[in-house]
Chemist: 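Got a structure for you, questions after.
Below, each value reflects all heavy atoms present in this structure, side chains not excepted, and no hydrogens, waters or symmetry copies. Not measured: the values here are computed from a predicted model.
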Amino acid sequence: MRILKEFKIPNFKFPKFRLGEIGELKINFDEMKKNQEDKERKRVKNYETTSYTTIQEVFKEVTRKYGENVCILEKYETKGVFKEITYSQFEKDVSALGTALSGLLDLKNERVAIIGETTYQWYVSYMAMLCGSGIVVPIDKELPANEIENVLRRAGVQAVIYSTKKKDVIKKVEDNLPGVNFFIEMNSDKEIEDRKVGLNHLINMGNKMIEKGDDYFEKVIVQPDDFKVLLFTSGTTSNAKGVMLSSRNLAENINAVRAYVIVTEKDRLFSVLPLHHTYESTIGFLVPFSVGASIGICQGLKYIVQNLKEIKPTIMLGVPLLIENLYKKINANIVKTKKDTMVNSMIHVTNALKTVNVDIKRKIFNEIYESLGGNLRLIVSAAAPIDAKVGKWIEDIGILFIQGYGLTETAPICALTPDFETKVGSAGRAVNCSELKIDSPNDKGEGEILIKSKTLMLGYYQDEKATNEAIELIDGERWFHSGDVGYLDKNGFLYITGRCKNVIVTQNGKNIYPEEIELLLGDIPEIKECMVYGKENENKKDDRELILTVRVIPNYDEIAVIHGKNKTDDEIYDIIWNQIKAVNRTLTSYKAIKKLEIKKGEFEKTTTMKIKRFAEIKK
C-alpha cells in the first residue's frame, strides 16, 4: 500500500532503559496450558467474519451497538489532555453534518474534498460523505498550492472541507476555483458568508434541522457499487490518475481483515499516518470502527513517544521508515545501557521457552513495552518492503508483526499476513475476497502480480484507456495488473521482488510517477529527451532510500542558440541543472529531482519509440 505523503521522521528520543538483571524464572503450568489452548484455537483457516457491503451499513450498526464506547481520542494542545469522544457523539455529529451538507448547502450528489491533518472533524467529514449522497475527494495536505488547485479542478468539487492549518493555501487557490461553491473550515463557527462557512456551524445547523424533522440523511440509501471516493495518485499534472472506489470496495476491506486478524472493541489504534490515503483511512479507521474500538490521534511525529505513553495503543499501523526508526532508536538505547548482549541472550531464551508454550516476553522486555505505551500487541507494516530483521526483532520481543499488500486501486487490501500464521518477509497471502496469480512467471516463479478482488476499484476517473490497460478481462473476470513483480510460495504467501511499471515507490511508501515529472522537464528547451528513475544510493551502505534521478540528452542546438556555442560539458550540466531546479520549485519536495546525469548518444527504445527504462537503468 503506497503512501503518497512525504513522511519525514524527526529525531524523537526514548527514555534511557535500565534493564535490570533477570531474576529466577518461575514457570506457571496453568499459563502453559492456556497458551497451548490459545495456540490450538488459532490453528484455523480463517476467523469468522462479517459480510458488509456498504460503509453506511457499518456506521448504523456500530454506532447503535457501541454508542458508549470511546471512538476518537484527540488532544488540542501540546500540554493538554486527550479528549475522549464516544461513538454516540460521533454518530450525532456525522448525521448533523450530512444533513447540513445535503439540505443547507444543497450538496446532494456532489463532490466534496477534504484536506488537512488528522483530526476528529476529518473523520466526521469523511464518514458523512460515505454514508450520505455524493463523492468524497481526500487530498494530500503536503501537496503545494498549484497541485491542490489542479486536483480540486479536475475532480470538479463543489465544496472543500479544510483544516485551519491549510487556511493560507485555500486563500491562494480559491479565486482560481469559481466552480467551488463552499469553502468549509474545520473547528470554525463562522456562519455562511459568500462561499465561506465553519464546519461547527454546519453541525449546529444540522442538529436543528434534524430536530425539526429533516430525516434525509437517515433515509438516504447508499448502494454497494455507488462511486463514493475519488483518490488522485498524484496532483502534478493533468495526467495524474484518479482512482474511483465504491462503498463495497471499502466494506470488503473490513470483511477481509477481520477474517485474518482479531481486532476487538478493547483495542486502541494509534493513528500516525495520513488519512487521505486508503491504508490509514480504511485499515486504520474503518476496520477498528467496525468493532467499536478506539483510535488515538498522534499530534505529530515529533510527539510520537509522548503520545504512545498517553494513548497506550494496542495496535499501530506504520510504514517501514517509521517502524525501522523505532527499532533503531530502541536498540540504540539498549546499547547505551550496555545491556545489548543480555537482551540478545534473553531473546534466545524466551524464544526457546515459547516453543514449549511458555511466553514470558512481556515480563522480560517490560521496559521496551512501556516505552511504546505498555499495551502494544500488534504492529502492521505496509506501503513498501521492510527489512526482515526488523519484523523478526519485533516478534522476538513478543509483539505480533504482520504485513499487508495492496494499492490505492485495491482500496487497499488484497493480501495480508494472518495473525495465526505470521511469516516475516512475506507481504501476506490473498485475503478472502481476493485472488492473486503470477503472470508469465520465469524459472524462479517470478512475474507480474495480477489481482482479482472485490476491493478492486471501479476504474480510473475519466480515463477509460488507462482503466482498460490496467484491468484485463480473463474468462469474464476483472484482473488488475499491479505493476509489481513477485512470486507465491507453496502456501500462497506473496513475496514482492520488484516493479515492472514505471512508478517509483520509495522506502517511505511515497509514489512518484516519472512520466509526470518528465512531462514538465520536457518543456525545458535545453533538454532533448529525459528519463526519471529511482537510483540506488551507492554511498551509504545501509541507506536503501532511492535518489530521484533524471538522465538527460541535451538539446545542443537549442543550447547554442540560447546560451552561445562551444559550451563545455560542465557548462552544459550547469545550464540544465539550473532549469531543473526551477521545475523542482513547483513540485512537492519528495518529487524534486536530486541528481542529474548527462547521457551521450540515444536512449535504447522499443519499436514504438518508448524508452526501455529497465535496460537504461541497468546501464
Chemist: Report the distance from atom CD1 of Ile114 to atom CD1 of Ile161, rounding to the nearest 0.5 Å.
Modeler: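 Going from the CD1 atom of Ile114 to the CD1 atom of Ile161 covers 5.0 Å.
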
Chemist: Roughly how far apart are Thr341 OG1 and Ile334 CD1, rounded to 0.5 Å?
Modeler: 11.0 Å

Chemist: Side chains of Ser453 and Ile413: closer than 4.5 Å at any heavy-atom pair?
Modeler: no

Chemist: Take Asn187 and Gln121 through the test side-chain contact (heavy atoms from CB on, under 4.5 Å) and record every step on the way to the result.
Modeler: CA-CA 8 Å; Asn187 298 305; Gln121 290 198 338; 3.5 Å; yes

Chemist: Are side-chain heavy atoms of Thr50 and Val58 found at a separation under 4.5 Å?
Modeler: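 A side-chain contact under 4.5 Å is absent here.
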
Chemist: Classify the ring geometry of Trp122 against Tyr126: parallel below 30°, tilted from 30° to 60°, perpendicular beyond 60°.
Modeler: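 Aromatic pair Trp122/Tyr126 classed tilted.
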
Chemist: Starting at NZ of Lys141, measure out to NZ of Lys165 and round the result to the nearest 0.5 Å.
Modeler: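 Rounded to the nearest 0.5 Å, the NZ-NZ separation comes to 7.5 Å.
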
Chemist: Taking C-beta and beyond as the side chain, do Glu252 and Val431 meet within less than 4.5 Å on heavy atoms?
Modeler: no

Chemist: Any chance the side chains of Asp396 and Asn351 put a donor and an acceptor closer than 3.5 Å?
Modeler: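 On atom types as modelled, these side chains qualify, holding a pair under 3.5 Å.
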
Chemist: Nearest 0.5 Å please: distance from the CE atom of Met316 over to the CD1 atom of Ile304.
Modeler: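 CD1 of Ile304 is found 6.0 Å from CE of Met316.
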
Chemist: Looking only at the side chains, is there a donor atom on one of Tyr52 and Glu61 sitting less than 3.5 Å from an acceptor on the other?
Modeler: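 Result is yes, a qualifying pair exists.
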
Chemist: Do Ile399 and Leu372 make a side-chain contact, defined as non-hydrogen atoms from C-beta onward lying under 4.5 Å apart?
Modeler: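 When only atoms from C-beta onward are counted, Leu372 and Ile399 do touch, with a gap below 4.5 Å.
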
Chemist: Output the distance between atom OG1 (Thr118) and atom CD1 (Ile297), rounded to the nearest 0.5 Å.
Modeler: 6.5 Å

Chemist: I'd like to know whether NZ of Lys92 has more than 12 heavy-atom contacts from other residues, nucleotides or ligands below 6.0 angstrom.
Modeler: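 No, not enclosed.
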
Chemist: Should the heavy atoms of other residues, nucleotides or ligands under 6.0 Å from NZ of Lys60 be counted, would the total exceed 12?
Modeler: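 Yes - once you tally the heavy atoms of other residues, nucleotides and ligands closer than 6.0 Å, there are more than 12.
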
Chemist: Under 3.5 Å, is there a donor on one side chain and an acceptor on the other for Tyr405 and Gln403?
Modeler: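 Result is no, nothing qualifies.
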
Chemist: Looking at Tyr279 and Gly318, would you say the former's side chain and the latter's main chain have a donor-acceptor pair under 3.5 Å?
Modeler: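 Pair found, side chain donor or acceptor close to backbone of Gly318.
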
Chemist: Report, as yes or no, whether the 6.0 Å neighbourhood of atom NZ on Lys389 holds more than 12 heavy atoms from other residues, nucleotides or ligands.
Modeler: no

Chemist: So does Lys591 pair up with Glu147, basic N to acidic O under 4.0 Å?
Modeler: yes

Chemist: List the steps and the verdict of side-chain contact (heavy atoms from CB on, under 4.5 Å) for Glu367 and Lys339.
Modeler: CA-CA 13 Å; Glu367 281 192 71; Lys339 297 292 179 67; over 6 Å; no

Chemist: What is the ring orientation for Phe59 with Phe90, classed by angle as parallel under 30°, tilted 30 to 60°, or perpendicular over 60°?
Modeler: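 Ring orientation, 0 to 90° scale: perpendicular.
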
Chemist: Under 30°, 30 to 60°, or over 60°: which ring-plane class applies to Trp393 and Tyr327, parallel, tilted or perpendicular?
Modeler: perpendicular

Chemist: Using a 6.0 Å cut-off, check whether atom NZ of Lys361 has over 12 heavy atoms from anything other than its own residue.
Modeler: yes

Chemist: Could you tell me whether the side chain of Val380 reaches within less than 4.5 Å of the side chain of Thr417, counting heavy atoms only?
Modeler: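 Answer no - side chains too far apart.
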
Chemist: Looking only at atom types and distance, does a side-chain atom of Asp489 sit under 3.5 Å from a main-chain N or O of Asn491, one as donor and one as acceptor?
Modeler: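 It does hold such a pair.
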
Chemist: To the nearest 0.5 Å, what is the distance between CZ on Phe289 and CD1 on Ile72?
Modeler: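 Result: 8.5 Å between the selected atoms.
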
Chemist: Mind checking whether Val272 and Asn307 have side chains closer than 4.5 Å, heavy atoms only?
Modeler: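 A side-chain contact under 4.5 Å is absent here.
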
Chemist: With distance as the sole criterion, is a donor-acceptor pair present between the side chains of Ser271 and Glu280 under 3.5 Å?
Modeler: yes

Chemist: Could you tell me which non-hydrogen atom of Pro313 sits nearest to which non-hydrogen atom of Leu269, and how far apart they are?
Modeler: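 Closest heavy-atom pair between Pro313 and Leu269: CB-C, 4.3 Å.
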
Chemist: Check the side chains of Thr164 and Glu185 for a donor-acceptor pair under 3.5 angstrom, ignoring hydrogens and angles.
Modeler: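 A donor-acceptor contact under 3.5 Å links the two side chains.
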
Chemist: Side chains of Leu286 and Met127: does their closest heavy-atom pair fall under 4.5 Å?
Modeler: yes

Chemist: Side-chain contact test, heavy atoms from C-beta onward, threshold under 4.5 Å: evaluate it for Ser371 versus Phe365 and give yes or no.
Modeler: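 Side chain of Ser371 against side chain of Phe365, heavy atoms only: no contact under 4.5 Å found.
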
Chemist: How about Arg377 and Thr314: does a side-chain donor come under 3.5 Å of a side-chain acceptor?
Modeler: no

Chemist: Would you say the side chains of Glu142 and Thr588 form a donor-acceptor pair under 3.5 Å?
Modeler: no

